[in-house]
Amino acid sequence: MDYTLPEFLAHAIALEHEAAERYLELADMMEAHRNDAVSALFRDMVRFSRLHHDSIVERSKGIVLPTLRSWQYRWTQPPEAGGEEAFDSTLDAYSALRYARENELRALDYYASVGQHSSDPEVKRLAGEFAAEETEHVEALEDWLARTPRPSATFDADPDRPGSR
Ligand code: ZN
């Protein structure tokens, strides 16, 4: 992925916007489940994604950005989610955290790989910075996962990502 700066900025803005939307849904869902602690975590993630989004928009001032197709930045749905947009509203905290972590890892991989493959020094620099930020998100989610009881059946058959902590 040897992106130009405008291409990269457009992807990053879309990705952070998407993350904020999904975290908002997850936060509302956890609130409906009366899981205020996990809801608060997701609200923090909404805030971080929005701050990041806004700072990238700021960085993009004066740059004409390309239009993207949605498959280029959208979160993948968990296997148990029904519709295109909707989460399974019965998603428990553990599954919600795991799902969020998977998508954060995806964002991390994305930024890291752009950072590695780009020939534009500014793209490289920004991608490295964003990857470091995603690493923090992944770690925050992993901390919570470690403290959250695993539901009985749902995920037992689902092998953990190799190399995950
Ligand atoms: Zn993130």
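Read the numbers this way: they start at 1 and go in the same order the structure lists the ligands and their atoms.
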Practice task
Take Asp36 and Ser39 through the side-chain hydrogen bond (donor to acceptor under 3.5 Å, both in side chains) test and state the conclusion after the steps.
Solution key: CA-CA 5 Å; Asp36 291 343; Ser39 175; 5.5 Å; no
Practice task
With the Zn ion (ligand 1) as the reference point, give the N/O/S atom of Glu134 that is nearest.
Solution key: OE1
Handout entry: Spacing of CZ belonging to Arg22 relative to CD belonging to Glu25, to within rounding of 0.5 Å
Key = 4.0 Å
Exercise for the section: For Ala37, enumerate each residue passing the side chain to side chain contact (heavy atoms under 4.5 Å, CB included) test, keeping only those at least two apart in sequence or located in another chain. Expected result: Asn35, Trp144
Practice task
Determine which of the N, O or S atoms in Glu104 is closest to the Zn ion (ligand 1) and give its atom name.
Solution key: OE1
Problem - Under 2.8 Å: N/O/S of Glu16 next to the Zn ion (ligand 1) - result: no
Practice task
Check salt bridge (Lys or Arg N to Asp or Glu O under 4.0 Å) between Arg59 and all other residues, then give those that pass, not counting sequence neighbours.
Solution key: Glu122
Fill in the blank from the handout: For His137, the N, O or S atom at the shortest distance from the Zn ion (ligand 1) is ND1
